[in-house]
Amino acid sequence: MKLATWNVNSLKVRLPQVLDWLATAKPDTLCLQELKLEDRNFPLAEIEAAGYKAVFSGQKTYNGVAILARDLPVDVSVGIPGFADEQKRVIAATIGKVRVISAYFPNGQAVGSEKFAYKLAWLEALTRWLADELRRYPALALLGDYNIAPDERDAHPDWQEEIHVSAPERDAFRALTALGLTDAFRLFEQPEKSFSWWDYRMMAFRRNFGLRIDHILLSAELAARCTACSVDKAPRKLERPSDHAPVVADIEDLAA
DNA sequence: ATGGCGCATGGAATGCGA
């Protein structure tokens, strides 16, 4: 089973690239973030024609998340229960035996800002909810744009901003993993300076001036069956790319 | 040097992302 996540920065603009990537990478499940479109404009026909089902929660201009899967996603839930939020950042569904969550974590703008406080409150609510979800669903994967580079090696050494690498954000990431979730990428040997996002400006991609902020966290049951995890940089090299690259994990099928 | 680029809205210039 191949699980993937990709912040597409507008599904309307990136749809051809998403369809191409589905055809070549052939994931079983693909979580998308930053759709930037309302549900009535979701390109369901094109995605179904490519052989995928989809569930989604979108809004105009900002945010928006989806789960694409070969098999029908069921028991769909939107948002974080008990956390009132206009921003469409979370969708969860069960695909086969696996609970899949596609999440677009808040950016946070700058440490100490109002948006930073929202980011930390959102993370706390997510973590509280995930504790329950893990009890209900032992085979669980949390995929998405976390907007957190969890470790020093996950940020280019010249990264000058505090946001994405600050201690409170990294503490919040650790609180999530402390629930029993494993960063699939770090189960394996990886090239140095492996990132998943590069700014459009400053020739950042060419200089590999990036951050690893897109992650696949796996519950123990799935982590034990994970055989590979990598960033696919190919779509970042295309014309009019998203600023994020997809992250992919391979997981051995669960016993019937 | 806080900008650069790309996308959204709206139909020019501005806000936001990370």
Side-chain angles (χ1 to χ4, degrees), chain A residues 5-18 21 31-43 56-66 85-90 102-123 126 143-173 185 193-216 231 233-247:
Chain A
T5 182
W6 191 8
N7 178 324
V8 290
N9 184 19
S10 170
L11 183 56
K12 182 183 167 188
V13 172
R14 229 65 65 194
L15 182 62
Q17 294 185 18
V18 170
W21 195 76
C31 295
L32 299 176
Q33 300 86 36
E34 281 209 89
L35 308 180
K36 296 188 174 180
L37 47 76
E38 292 179 291
D39 288 349
R40 61 187 169 86
N41 295 325
F42 189 89
F56 42 86
S57 173
Q59 67 184 90
K60 197 197 268 194
T61 311
Y62 303 114
N63 310 312
V65 285
D85 195 353
E86 298 290 307
Q87 305 184 33
K88 307 299 188 193
R89 295 184 174 278
V90 177
S102 177
Y104 176 46
F105 291 44
N107 175 303
Q109 197 171 53
V111 174
S113 68
E114 225 170 86
K115 287 177 181 175
F116 190 73
Y118 164 71
K119 182 175 193 171
L120 294 184
W122 188 95
L123 277 156
L126 179 79
L143 305 93
D145 175 1
Y146 286 60
N147 271 315
I148 301 172
D151 193 82
E152 207 171 331
R153 61 193 161 158
D154 297 319
H156 190 281
D158 294 340
W159 180 257
Q160 291 298 316
E161 307 286 341
E162 277 291 312
I163 194 68
H164 308 305
V165 304
S166 74
E169 291 165 90
R170 285 177 168 170
D171 288 347
F173 186 90
F185 191 77
K193 296 190 175 69
S194 286
F195 306 125
S196 66
W197 169 85
W198 302 261
D199 200 301
Y200 285 119
R201 298 164 291 185
M202 307 177 289
M203 296 174 286
F205 185 66
R206 214 185 65 184
R207 297 191 293 127
N208 195 31
F209 182 73
L211 299 172
R212 192 176 73 91
I213 54 177
D214 301 87
H215 308 298
I216 299 177
V231 177
K233 289 167 77 169
R236 188 63 179 78
K237 300 171 183 169
L238 299 171
E239 291 292 320
R240 291 187 89 188
S242 168
D243 42 358
H244 294 253
V247 181

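To find a chain, count down the sequence lines: A is the first, B the second, and so on, and within it residues start at 1. Predicted, not measured: the structure shown is a model, and the values here were computed from it.
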Closest-nucleotide 5' rank along DNA chain B - winner of Ile213(A) and Arg14(A) = Arg14(A)
Using modelled atom types only, decide if a donor and an acceptor are shared between the side chain of Arg89(A) and the backbone of Gln33(A) within a distance under 3.5 Å.
-> no
Separation of dC16(B) atom P from Tyr118(A) atom OH, nearest Å, is 14 Å
With P as the reference atom in both, quote the distance from dT2(B) to dC7(B) in angstrom, rounded to an integer.
-> 25 Å
Arg240(A) CZ to dG6(B) P: how many Å, rounded?
-> 9 Å
Spacing between Leu37(A) atom CG and dC7(B) atom C1', to the nearest angstrom = 12 Å
NA contact type, Asp214(A), heavy-atom cut-off 4.0 Å: base, sugar-phosphate, or nothing?
-> nothing
Between dA18(B) (P) and Arg89(A) (CZ): distance, integer Å = 8 Å
How close or far is atom P of dG10(B) from atom NZ of Lys36(A), stated in whole angstroms?
-> 15 Å
To the nearest angstrom, how far is Arg207(A) atom CZ from dC5(B) atom C1'?
-> 14 Å
Rounded to whole angstrom, note down the C1' distance from dA13(B) over to dA18(B).
-> 22 Å
Using the P atoms only, state how far dG6(B) lies from dA1(B), rounded to an integer number of Å.
-> 26 Å
Which residue lies more 5' along DNA chain B, comparing His164(A) with Tyr200(A) via nearest heavy atoms | Tyr200(A)
Could you check whether Glu34(A) gets within reach of a base, just the sugar-phosphate, or nothing at all, counting any heavy atom under 4.0 Å?
-> sugar-phosphate
Please confirm whether the backbone N or O of Phe185(A) pairs with a side-chain atom of Arg212(A), one donor and one acceptor, at under 3.5 Å?
-> no
side-chain N/O Thr61(A) vs dT9(B) OP1/OP2, d < 4.0 Å = yes
Is Tyr200(A) reaching over with its side chain to a backbone N or O of Asp243(A), donor-acceptor style, under 3.5 angstrom?
-> yes
Would you jot down, in residue-number order, the residues of residues 143-151 of chain A having a non-hydrogen atom under 4.0 Å from DNA chain B?
-> Asp145(A), Asn147(A)
Testing Phe105(A), Tyr146(A), Tyr104(A) for ring-ring contact (aromatic ring centres under 6.0 Å, His included) with Trp122(A), which one passes?
-> Phe105(A)
Taking OH from Tyr62(A) and P from dA18(B), how many angstroms apart are they, rounded to a whole number?
-> 12 Å
Answer with yes or no whether Asn107(A) presents, from its side chain, a donor or acceptor under 3.5 Å of a partner atom in the base of dA18(B).
-> yes
Are more than 12 heavy atoms from other residues, nucleotides or ligands located less than 6.0 Å from atom NZ of Lys36(A)?
-> yes
Euclidean distance for P, dG10(B) against dG15(B) (whole angstrom) = 14 Å
Tell me what Lys119(A) touches on the nucleic acid: a base, only sugar-phosphate, or nothing, going by heavy atoms under 4.0 Å.
-> nothing
Separation of dA18(B) P from His244(A) NE2 (nearest whole Å) | 5 Å
